[in-house]
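This report concerns only the one structure given below.
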Amino acid sequence: MDYSQFFAMKQEIGLLVVFLLVFLYDTFMPKRALGATGWVAVGLMAIQTLFGFCPSVSQSADAFAGMYETNAITACIKNILNIGTVIVMIQAIRWSKQDMVVIRRGEFYELILLTLFGMYLMISARHFLLFIIGLETASLPVAAMVAFDKHRYESHEAAVKYILTAVFSSVILMMGLSFVYGLTGSLYFSKIAGAIFAEGTISLMLIVAVAFVIGGVGFKLSLVPFHLWTADVYQGAPTPVTSYLSVISKGAGAFAFLVILWQVFGAVYSDAWEWMLYALIILTITIGNLFAMRQKNMKRFLAFSSISQAGYIMLGIIAFRGMGVAALMYYVLVYIFSNLAAFGVIGAIENATGRVSMDDYQGLRKTNPKLAFTMMLAMFSLAGIPPFAGFFSKFFIFTSAISQGSVAIYVLVLIALINTIISLYYYLLVVKAMFISEETPVIPEFKSACSERFAMWICVAGIIGLGIVSCVYNGLLDMVSTAC
Amino acid sequence: MDITLIYYLVPSLIMFCCGIYGFLTRKNMIAMLISLELMLNAIDINFVVFNRFLYPGSMEGMFFTLFAIAIAAAETAIAIAIIINIFRADKNINVEDASQMKN
């Protein structure tokens with residue numbers, strides 16, 4: 001075996017080194033140095049993020065007989081996930097200093113790094129065996145992270161719901177893969193695509209297999225009708241884990257979904273899964289929005305908001321042939337900053353006062369103006385109000401979808417547009433509670449920890465900066481068009 | 001009488017459907033986990049049989065099965081650990097009672 005092919009996996013090796021260093025630090029350092037574990041992990045992860053931007057990382061290469069592939073696009077996607085992970089890790093520092101968590105603090109950071117490693121494999125896999133291994137590496141440790149608050153019953157309840165639905169969804173996915181294997185005789189993405197293309201006609205079994213695969217991955221992305229686990233898991237999990245689940249897992253799942261659908265089943269797009277995807281997108285956006293309106297718990301509210309955001313992300317998958325990939329990457333990047341800003345505020349308030357209900361946010365402006373302002377920016381960006389980044393990400397994803405140019409796409413984008421207006425209603429409910437409500441504030445004035453403020457500053461800079469600095473999107477577009 | 005592909009696929013399909021039925025109807029978390037294992041085994045049978053009868057030249061299906069077994073073991077370990085935690089907290093592993101978070 002040629003061991004030099006491991007050098008194709010530069011980012012994976014970097015991440016493994018980060019994981020090992022954190023693990024060694026946590027295991028062998030004296031007890032008084034362990035307080036810094038969080039910051040050590042954040043620092044190493046920041047170095048790994050910077051390393052991802054080295055020009056040599058984005059060279060195309062493949063390893064293990066084509067099972068693994070890396071190029072400029074996958075390297076860029078991994079960089080986006082790295083940025084989000086660094087922010088989540090900074091947000092988790094305050095939470096990980098609680099008495100009940102502190103003895104297992106190192107494990108939390110190690111598990112986060114391992115799940116990120118699984119997501120790397122998911123994105124770079126060009127063979128379904130490696131993809132399944134990556135998917136399980138990305139989803140099983142998350143169950144342990146959801147159950148991290150050992151003293152809270154909700155945490156366990158959320159974890160059991162998560163693990164049972166996660167296993168069920170991968171079972172559905174693997175059943176679909178076994179059909180695909182039976183039909184085509186290979187598990188390589190390129191060979192399956194070749195066999196499907198050579199077949200010419202579409203068998204019923206292939207459509208069933210595609211439906212199973214879409215159902216299996218749809219569970220991970222919490223698309224309607226596979227979304228029922230989302231709200232309970234988001235509510236019960238510790239807040240840093242919820243924010244990790246809602247942005248990083250979802251972003252990685254979306255990219256992997258794009259690769260699978262187009263590279264493997266691209267030949268049968270209009271015959272087999274175009275309409276399935278249309279139905280999923282309409283249901284996901286609409287039902288996510290309608291349920292978000294009646295939520296009172298902030299974490300549940302953001303769970304349904306993230307369901308409807310997943311629908312918009314799926315629009316980028318439909319628009320693959322245009323500038324869909326660039327629009328999707330930009331959308332996920334902006335979504336990371338806006339959603340993490342919202343979760344940063346929720347986490348800060350929960351850590352200081354233990355309150356997570358929307359009614360408690362009444363009059364937050366009077367006691368904690370900065371937190372209220374950050375939350376307002378996040379809500380405006382999620383709703384897509386210009387000049388914040390969320391407006392441009394929605395704009396680009398709609399334009400890229402429309403450039404497909406069929407009537408069905410126009411109707412789909414119109415429904416998505418109407419839903420943006422509906423979503424304004426519930427995002428502004430939060431802003432109204434914080435700024436306009438005249439009731440006496442429930443949450444007293446408090447000072448958030450330095451790590452929490454640092455993470456929020458990064459997110460606010462991202463929300464405002466990405467909206468103004470147009471070169472980010474142009475850079476992504478150039479990179480995608482040269483790589484394709 | 002030759003034992004052909006279909007003699008393996010039908011039992012595997014029955015196992016899979018039993019698993020789905022059990023997963024959706026059983027109330028005990030351990031029983032749900034057993035149903036999941038049943039489905040995973042049905043998938044393993046599918047892969048092995050497709051490899052053996054349709055594509056005997058390569059070993060891809062066999063290898064997928066080996067990895068799927070390992071993954072299933074990891075999943076069960078984590079799920080059992082969580083269920084034990086629930087049992088410690090609540091002395092009960094009925095899924096219908098694990099619903100403190102409704103709205």
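Below, chains carry the letters A, B, ... as their sequence lines are ordered, and counting in each starts from 1.
Using a 4.5 Å cut-off between heavy atoms, Phe23(B) touches chain A through its side chain atoms alone. In this structure, chain B has a heavy atom under 4.5 Å from the backbone of Thr184(A), while its side chain stays farther away. Using a 4.5 Å cut-off between heavy atoms, Phe53(B) makes no contact with chain A at all. For His151(A), no part lies near chain B; criterion is any non-hydrogen pair under 4.5 Å. With a threshold of 4.5 angstrom between heavy atoms, Glu154(A) approaches chain B through its backbone and through its side chain. Using a 4.5 Å cut-off between heavy atoms, Leu135(A) does not touch chain B at all. In this structure, chain B has heavy atoms under 4.5 Å from both the backbone and the side chain of Ala158(A). Proximity to chain B involves both the backbone and the side chain of Tyr188(A), based on heavy atoms less than 4.5 angstrom apart. Residue Ser139(A) does not touch chain B at all, counting heavy-atom pairs closer than 4.5 Å.
The distance from atom CD1 of Ile45(B) to atom OG of Ser178(A), rounded to the nearest 0.5 Å, is 11.0 Å.
The shortest heavy-atom contact between Ile43(B) and Val171(A) is CD1-O, 3.3 Å. Between Met174(A) and Ala68(B) the shortest heavy-atom distance is CE-CB, 4.1 Å. When all heavy atoms are compared, the tightest approach of Glu60(B) to Leu187(A) is OE2-N, 3.3 Å. Looking at every heavy atom in both residues, Ala89(B) comes nearest to Tyr153(A) through CB-CD1, 3.9 Å. Across every non-hydrogen atom of Leu177(A) and Phe47(B), the tightest pair is C-CZ, 3.9 Å. Scanning all heavy atoms of the two residues, the minimum distance from Ala147(A) to Ile82(B) falls at CB-CG1, 4.5 Å.
Counting non-hydrogen atoms of neighbouring residues, nucleotides and ligands closer than 6.0 angstrom, the CZ atom of Phe291(A) reaches no more than 12 such neighbours. Counting heavy atoms of neighbouring residues, nucleotides and ligands inside a 6.0 Å radius, atom CZ of Phe64(A) exceeds 12 of them. Residue Arg26(B) places its CZ atom among 12 or fewer non-hydrogen atoms of other residues, nucleotides or ligands, all under 6.0 Å distant.
Ranking Ser186(A), Ala231(A), Ala144(A) against chain B, the residue ahead of the rest is Ser186(A), based on heavy-atom pairs under 4.5 Å. Contact count versus chain B (heavy atoms, under 4.5 Å) is highest, among Lys150(A), His127(A), Lys161(A), Met175(A), for Met175(A). Ranked by non-hydrogen atom pairs under 4.5 Å with chain A, the options Ile83(B), Leu54(B), Asp90(B) are led by Asp90(B). By number of non-hydrogen pairs under 4.5 angstrom with chain A, the leading residue of Met32(B), Met39(B), Glu75(B), Arg88(B) is Glu75(B).
Contact check for Phe67(B) versus Ile132(A): no side-chain heavy atoms found under the 4.5 Å cut-off.
Phe64(B) has its ring centre no less than 6.0 Å from the ring centre of Tyr181(A).
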